[in-house]
Protein chains: 2
Amino acid sequence: MDNFSESVNCLKCKRSSKCFKKLIPSELEFINQNKTQILYRKGENICKHGAFASYVLYISDGLVRLYLENPNNKNINLKILKTSEFIGLSSIYGDNIYNYSTVALKDSVICLIEKDSFRKLLADNGHFASEIIKWYCENEKQLFNKIQNLGNKQMHGRLADALLYLCNQDLLNEQIFSHLSRKDIAGFAGLSTESTVRLLTELKNENIIDITGKEIKILNPVLLKDISKRG
Amino acid sequence: MDNFSESVNCLKCKRSSKCFKKLIPSELEFINQNKTQILYRKGENICKHGAFASYVLYISDGLVRLYLENPNNKNINLKILKTSEFIGLSSIYGDNIYNYSTVALKDSVICLIEKDSFRKLLADNGHFASEIIKWYCENEKQLFNKIQNLGNKQMHGRLADALLYLCNQDLLNEQIFSHLSRKDIAGFAGLSTESTVRLLTELKNENIIDITGKEIKILNPVLLKDISKRG
DNA sequence: TCGGAAAATTGAATAATCTCAATAATTTAA
DNA sequence: TTAAATTATTGAGATTATTCAATTTTCCGA
């Protein structure tokens, strides 16, 4: 990872998250004084599960995969993070350790914000804190959904969920599949790579999805959602 | 559920969570004005996944099981909540819907706090909001841990995790197993009831646990943790 | 205390999913 | 551009876990 030469001033940042809009100029300047920008190259780990977490990370510009590591190299992918999203928020309090790993799917500029500074802003500014809590509300919902999938559904439903997630509106402009291997998709579905490949072929043969090289498109979202629902 | 006649004044409440200590008296009085207390009997649902969430719930005195529902009556249990814990915090923002179901394991007194009031306190008092964020940090860690278990481990590891959780320090005084069926334990491990029973017998025969009626005790925590770790 | 209902247990058969191995396709680096 | 390395695909066999059925035990209300 390199230092990123043209570090942007937080007060002028065009990619600031909604929560930063709740800060008054002096608070933004405070963050600006207590952050660093770093460029991570495609494939580099931005944080590792279990590592000491000194900073809250913020994706100034990039695309990141968030996952849980597994001893036998069979990772579980949780989500794709885009520009203007946080990484490792939960290290501000508690164990001071990252709860998951993240890797850059393409070259990504990451802001490292001092944890102490972040904490101070939360305590000083309830509106800022409220926005962070909003984020946690949505986050919790996603995690419960993931638990529901892994715990209750079998292969077909799990893969359907993964595809619906990866093809959703939010990621539409990211050409997400060009950055993902079959193993990555398997990680999102919580399946082995081989099972994933087999099921993808099935779905293709049933004209539920279309596969062109790495690109996957959903042809029949109604049916796919039905598969997801039935598990 | 009944109305609970002796509704406690929040300013005098002996069971207030750490976060309430951050409120000034007028804020506590504000909560007091905007809450109701209800008694839920053992076995009654306190909230249901998908139901409209008008309140943030707080366990004034009780014991609660939090779970995700499954169409084929095979629920996933997430955690046991005790006195002084929140239920449904994440409904304050977002979908206005509970992300999970909860059921009283024994008669429980629950405070229903108006969501709008709660939101107001968060925005007004950053220290209060910070305590809530602290809670979310810990919560997220637990959820990631659950995902790790369901996604990466097989039967033995999953049951070991469930037992370690149910026997942990925090629940030691709750006689937790007297409130749980084999099906409930299976729900914590994410297994079928039959598999759970079989494995419990195995663990007992290997002297790793002791089973006396409903009560389960861990005899060899080192070995059980090892089983958990190896998955 | 008795009788029925619910919960726990056990075994056998079945289903789901993974692993391993072999091959094909694609990408990368020299 | 070519060769090597990585990734994707396919099949067969093995493993893991569930389901179903039968039986035993426990619990609860009359």
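Chain identifiers are assigned alphabetically (A, B, ...) following the order of the sequence lines, protein sequences preceding nucleic acid strands; residue numbering begins at 1 within each chain. Worth saying up front: this structure is predicted, and the values here are computed from it rather than measured.
The two residues B/Asn70 and B/Asn75 have their closest heavy-atom pair at N-OD1, 3.2 Å.
The nearest whole Å value for the distance from the CZ atom in A/Arg230 to the P atom in C/dA16 is 13 Å. Here the P atom of nucleotide C/dT17 and the CD atom of A/Glu202 are 11 Å apart, to the nearest Å. Per the geometry, CD1 belonging to A/Ile211 stands 13 Å off P belonging to C/dT26, to the nearest Å. Nucleotide D/dA8 holds its P atom 8 Å from the CD1 atom of A/Ile185, rounded to whole Å. Atom NZ of B/Lys183 is separated from atom C1' of C/dT9 by 16 Å (rounded to the nearest Å). To the nearest angstrom, P of C/dC18 lies 11 Å from CG of A/Leu159. Distance B/Leu180 CG to C/dA7 P: 13 Å, rounded to the nearest Å.
Side-chain polar atoms of B/Tyr58 and B/Ser16 form no donor-acceptor pair below 3.5 angstrom. Side chain to side chain, A/Lys82 and A/Asn173 fail the donor-acceptor criterion of an N or O pair below 3.5 Å.
Judged by distance alone, with hydrogens and angles left aside, the side-chain atoms of A/Glu44 form a donor-acceptor pair with the main-chain N or O of A/Arg41 at under 3.5 Å.
Between B/Phe86 and B/Phe118, the ring planes are perpendicular. Angles over 60° get that label, and only those under 30° would be called parallel.
A sub-4.0 Å separation between OP1 or OP2 of D/dT10 and a side-chain N or O of A/Thr201 is present.
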Quiz item: Which letter, B, S or -, goes with each nucleotide of nucleotides 12-30 of chain D from 5' to 3', with contact meaning a protein heavy atom under 4.0 Å?
Solution: B---SSBBB----------

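A cation-pi contact, defined as under 6.0 Å to the ring centre and within 45° of the axis, is absent between A/Lys214 and A/Phe177.
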